There are 2 protein chains.
Amino acid sequence: MNGLMQDWPLLISRFIQFSEKNHTEVEIISMLPEGGMLRTNYGAVSQRSKKIAQTLSRLGIKSGDRVGTLAWNTHRHLEIWFGTSGMGAVTHTVNPRLFPEQLIYIINHAEDIVLFVDLSFVSIVQDIASQLETVKHFVIMVGPEHMPAQSSVHFLCYEELLNGENGQYSWPEFNENTASSLCYTSGTTGDPKGVLYSHRSNYLHTMSAMGKDAFNIGSLDVVMPVVPMFHANAWGIPYGTAGLGAKLVLIGPHHDAETLHNLIVDEGVTISAAVPTIWSGLLTYLEKTGKGLGKIENIIIGGSSAPRSMIKTFKDKYGVWVSHVWGMTELSPLGTVCKPNSLNSNLSGDELNNLQCMQGRGVMGIEMSIKSDTGDFLPWDGRTQGNLMSRGPWVLKQYFKSDTTALDDDMWFETGDVATINRSGYMQITDRSKDVIKSGGEWISSIDIENAALSHPAVQEAAVISHFHPKWEERPLIFVFLKEGKTLNLEDMNEHLKPLVAKWWLPNGLILIDKIPHTATGKISKKCLRKLVLDYQFPD
Amino acid sequence: MNGLMQDWPLLISRFIQFSEKNHTEVEIISMLPEGGMLRTNYGAVSQRSKKIAQTLSRLGIKSGDRVGTLAWNTHRHLEIWFGTSGMGAVTHTVNPRLFPEQLIYIINHAEDIVLFVDLSFVSIVQDIASQLETVKHFVIMVGPEHMPAQSSVHFLCYEELLNGENGQYSWPEFNENTASSLCYTSGTTGDPKGVLYSHRSNYLHTMSAMGKDAFNIGSLDVVMPVVPMFHANAWGIPYGTAGLGAKLVLIGPHHDAETLHNLIVDEGVTISAAVPTIWSGLLTYLEKTGKGLGKIENIIIGGSSAPRSMIKTFKDKYGVWVSHVWGMTELSPLGTVCKPNSLNSNLSGDELNNLQCMQGRGVMGIEMSIKSDTGDFLPWDGRTQGNLMSRGPWVLKQYFKSDTTALDDDMWFETGDVATINRSGYMQITDRSKDVIKSGGEWISSIDIENAALSHPAVQEAAVISHFHPKWEERPLIFVFLKEGKTLNLEDMNEHLKPLVAKWWLPNGLILIDKIPHTATGKISKKCLRKLVLDYQFPD
Ligand SMILES: Nc1ncnc2c1ncn2[C@@H]1O[C@H](COP(=O)(O)OP(=O)(O)OP(=O)(O)O)[C@@H](O)[C@H]1O
Ligand SMILES: Nc1ncnc2c1ncn2[C@@H]1O[C@H](COP(=O)(O)OP(=O)(O)OP(=O)(O)O)[C@@H](O)[C@H]1O
Ligand SMILES: [Mg+2]
Ligand SMILES: [Mg+2]
């Protein structure tokens, strides 16, 4: 027997529709790649999203077709999101920081038919356009006054397209399992893989991600996702802010600490989200300038492990709570959030810092487990490391264009991360399975060593990789990027590490490096680091 | 093209499963009808819910069968909820405060096969058992030591049933549109009508209701739903607290201000929810005793209009925020919540009080509109009154056993309430459509007059109904229940009301009354009041 409640599919258009009805005048701040800042609102963005839907229909886009974007966080990018998914097509957010070959590979693999491009990326597109096999229309996301004078590629003008439409459009109703958007993984460990979200998965993810125990976003918040809309949908934030009517600050091409800081203070940002490197840049800036953090209450850090010292500085020096989160493109992306629960709400000082260094507990809807290499469930004792598995209505089932399931027999998705889980469900990532250091059969956590190294006053950034050792098979090798004017050697480092990690974890080698290589989504690229030391041998 | 994400149906068992995995040790406090208090936790309740599922199977209950409860808020009631819905059957929460004829009608209409009964209601059941046509098994929710010595009805013992099961049970997977629970409306305006929820509708309702802009519940909260589990599922709170791992305080049969106050203080309650009469009782108690409200941050008031003076007292005297909410059984029940948004966040004093008197904005997922009697959409101008309509994935489509839709052609459900909506989406109930006062063709809001009357120092409770008037057709008649030792007449009252409401709204008659009659869910029964004055004529 079925219930007798209304049958509304969970569609992404609901969010923008809801905002048009209920939050019309709530502001959206958009930093434009062509320069300047636009103050708009949900009513306007909603209207213009409908014009995008009309434009796409006019360009021949049908349900299921892929529409690519090479764009920063702007109101136009938001309009494309809602317009494309809302009409039934698939928003494909391409990471413009990838190498040209990767861009070509991804756009061809996705078979994008329209490509929306920010002014910043026009020259990239000009270079690769001839190799994009499926793209029929290139649109530059500007008004006519900013269109390039001449170009080898035939570019359409975004604002002109919109001006050609009347906005009289009703969002269609369709099955909630319809694909809504496509995002490729960051390519940290190999080739990027496509994750094809459905309206349903995005809707459910959003509802959970906005909750008090997750991002904790409501209508009184001013939210600045520094995380790009091409990085796992800006962690789902723009859907939620539209639905809930929170003021949204879109930073455009600006990722420098000064601009971020100005926006935080001027716009009264209460919640912001980004990968650790962004925050370390901001902290350096604050230290230099002696400035504060305005009204910010909650800084969401994920994508890579949030360093212990960073969490501590935000708390002790700026009174700002860090929500350490873990997720992945395959999880839409939110998996876990770290905050105290009623059983450990009295922690403070180092104990609280320890807690916050964990990646946290599964958000409502996400199941987690750790399994051994032979597929057995491992205990939640906070010590046993295992392959982190996940299940839930916004977890991937199969990669785009793959013809095999990505799940094991119990429907668990293997995340590729190695972690511990304690009895209260707090998960801590110790490594990627590809980065694990197996020393004489025992596992050493590179993330733990990095965290400990970062608290050394001479260290700006540190990365630990596994490296061949004739006796132990693998031993930790540490790369250090020093603060200005500082020096350091292996002995100093290990002196510092001794009280912080197990003795047998101490690195066997230290390499000073000018710059730690990062991926296009701001993660340390251990792939690159490993390439640097192919011939390296540990000192005796 | 469909997305490639995992297909997990949204089931109520997810909440309790999640709590068993992640919040095992988080406390549930249960005040027992047989006396005393039990401190248990989600792990134990989850285990015992599985045993309920096993018991029900043993008693022959199948998917879709109705399982009735006549019970207070206790851990056992919670176990029955999760056990019954979890196994695929339908939890039917019967309001034990109804008259015996209503109980008989509802239980027969629902065709309950098993009836779980709290010790408090055993004698009622003994009286009506012979007229319950479908119930095969009566279970008293106690251990063997509290079973009645002898009885005309064959009663099973709850704890004995559980002891007969091993709890080795996996929650089945099934379609999320399957019926999960059945609840009848309060019968304020006519016969109670059955609302048949699905797993999906309850799940989606829960996710939205827990949000920051709604009940704002997270794992650090201690939540005490005073609203009974038989009143629109305790507003969905127990599902959410299980999923999120918030400590839950279940008050059993105790609705007296002293017990509530003790629980609030002793258990560190941060959020509580109830109808206005409960809170007016508590405020009287606090005033008398000079006591405070412990850690409470947020008091959720709905079911009837939260009086202006009550909202103000909580804020000014106790520093507690009142979340004024509106909902109905047909909406699972949450429709709107009142809190400031970014456009009016600077309000204070009377302006804030005015805002909080509104029933608020639709929670994410709920669409609202007001229509004229001829079905035209009315403007959102904060002045125009119209029939309040609602749509959304947790809004009723059709009443249980009805064979006609409850929706109009546009899929809107007419709520039976009359309201205004302002341009920011804030809705204010002015009346039930059945209670509306039409004076010479113009509508007068009885709720507004009641609110104004309540601020008179002599008034404990007030109710305004429409009454026949030879010239104006209808005029307001006010019933007043005085505070101890006070007196009042129509002139005094109207003197007080003059600055607060339109002059032509002033009541034409006042009747002092010993007690304002309330329904079984604590609403003023205007049906009863109208019966009292069938022959009444307004003074000239
Ligand atoms: N808080 C965190 N702490 C540690 N690692 C994290 C955290 N958040 C995310 N990660 C890492 O990021 C990964 C998810 O990143 P993303 O989906 O962007 O692609 P990627 O895994 O880096 O790239 P690819 O899968 O193509 O190699 C996780 O599997 C995890 O390794
Ligand atoms: N905050 C509120 N302010 C005013 N009225 C409210 C509020 N919350 C709920 N109500 C009233 O309660 C009604 C819903 O109550 P419920 O579903 O318990 O049954 P009922 O409407 O009282 O009974 P019946 O439908 O059987 O007559 C709403 O339609 C509305 O009239
Ligand atoms: Mg990955
Ligand atoms: Mg009703």
Side-chain angles (χ1 to χ4, degrees), chain A residues 1-8 10 14 18 21-23 25-26 64 90 177-180 195-201 207-208 210-213 216-220 222 243-247 339-343 345 361-362 364-365 367 391-400 411 424-425, chain B residues 1-8 10 14 18 21-23 25-26 63-64 90 177-180 195-201 207-208 210-213 216-220 222 243-247 339-343 345 361-362 364-365 367 391-400 411 425:
Chain A
M1 184 172 60
N2 279 353
L4 291 169
M5 308 303 282
Q6 297 184 10
D7 317 298
W8 296 100
L10 306 175
R14 307 273 178 238
F18 203 75
K21 200 91 191 265
N22 297 282
H23 324 301
E25 293 168 50
V26 174
V90 177
N177 291 311
T178 304
S180 66
V195 181
L196 189 65
Y197 306 109
S198 68
H199 285 261
R200 175 183 166 98
S201 69
M207 294 310 292
S208 218
M210 296 302 119
K212 191 170 186 177
D213 287 340
N216 195 22
I217 291 178
S219 59
L220 280 173
V222 180
L244 296 167
K247 176 174 164 183
K339 63 170 272 183
N341 75 353
S342 62
L343 301 175
S345 57
R361 310 199 313 147
M364 174 57 223
E367 271 189 277
R391 300 202 293 202
W394 53 89
V395 177
L396 163 125
K397 178 167 71 182
Q398 193 162 331
Y399 288 102
F400 185 54
M411 307 281 283
S424 309
Chain B
M1 183 172 59
N2 280 352
L4 291 168
M5 308 304 281
Q6 297 185 11
D7 317 298
W8 296 99
L10 305 174
R14 307 273 179 239
F18 203 75
K21 200 92 192 262
N22 296 283
H23 324 302
E25 292 168 51
V26 174
S63 174
V90 178
N177 291 310
T178 304
S180 66
V195 182
L196 189 66
Y197 306 109
S198 68
H199 284 261
R200 174 180 167 101
S201 70
M207 294 311 292
S208 217
M210 297 302 117
K212 192 171 186 176
D213 286 341
N216 194 23
I217 291 176
S219 59
L220 279 174
V222 180
L244 297 167
K247 175 174 164 183
K339 63 171 273 183
N341 74 352
S342 63
L343 302 174
S345 57
R361 309 199 315 147
M364 173 58 223
E367 270 190 276
R391 298 202 294 204
W394 54 89
V395 177
L396 163 126
K397 177 166 71 180
Q398 192 163 330
Y399 288 102
F400 184 52
M411 304 282 285

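Remember, it's a predicted structure, so these values are computed and weren't measured experimentally. Every chain is numbered from 1, with letters handed out A, B, ... down the list of sequences.
- Proximity to chain B (any heavy atom under 4.5 Å) is shown, for A:Tyr197, by both the backbone and the side chain.
- Only the side chain of A:Ser201 comes within contact range of chain B, judged by heavy atoms closer than 4.5 Å.
- Heavy-atom pairs under 4.5 Å with chain B peak, among A:Leu244, A:Leu396, A:Leu196, A:Leu220, at A:Leu196.
- Going from atom CE of B:Met210 over to atom OG of A:Ser208 covers 12.0 Å, rounded to the nearest 0.5 Å.
- In this structure, B:Ser198 and A:Gly3 approach most closely via the heavy-atom pair CB-CA, 4.0 Å.
- Ranked by heavy-atom pairs under 4.5 Å with chain A, the first of B:Pro340, B:Gly211, B:Gly245, B:Ser63 is B:Pro340.
- The choice from B:Gly362, B:Gly392, B:Gly365, B:Ala246 that makes the most heavy-atom pairs within less than 4.5 Å of chain A is B:Gly392.
- Each of A:Ser180, A:Ser345, A:Gly243, A:Pro393 has some count of heavy-atom pairs under 4.5 Å with chain B, and the biggest count is that of A:Pro393.
- Counting only distance, with no hydrogens or angles, the side chain of A:Asp213 and the backbone of B:Ser219 share a donor-acceptor pair below 3.5 Å.
- Contact annotation for B:Ile217: only backbone heavy atoms (N, CA, C, O) come within less than 4.5 Å of a heavy atom of chain A.
- In this structure, NZ in B:Lys247 is found 10.5 Å from CG in A:Leu343, a value given to the nearest 0.5 Å.
- Contact detail for A:Trp8 and B:Met411: the closest heavy-atom pair is CZ2-CB, 3.8 Å.
- Ranked by non-hydrogen atom pairs under 4.5 Å with chain A, the options B:Lys397, B:His199, B:Met207, B:Gln6 are led by B:Gln6.
- For A:Arg391, the parts lying near chain B are the backbone and the side chain together; criterion is any non-hydrogen pair under 4.5 Å.
- For A:Phe400, the parts sitting under 4.5 Å from any heavy atom of chain B are the backbone and the side chain alike.
- Comparing B:Lys21, B:His23, B:Glu367 by heavy-atom pairs within less than 4.5 Å of chain A, the highest count is held by B:Lys21.
- Summarising the geometry, atom CZ belonging to B:Arg200 is positioned 11.5 Å from atom CG belonging to A:Asn2; distances are rounded to the nearest 0.5 Å.
- Of the residues considered (B:Val395, B:Val90, B:Asn22), B:Val395 shows the highest number of contacts with chain A, using heavy-atom pairs under 4.5 Å.
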Practice task
Could you walk me through whether A:Lys212 and B:Lys212 pass side chain to side chain contact (heavy atoms under 4.5 Å, CB included), step by step?
Solution key: CA-CA 6 Å; A:Lys212 191 170 186 177; B:Lys212 192 171 186 176; 5.7 Å; no

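- For the set B:Met5, B:Met1, B:Glu25, the entry with the most heavy-atom pairs within less than 4.5 Å of chain A is B:Met5.
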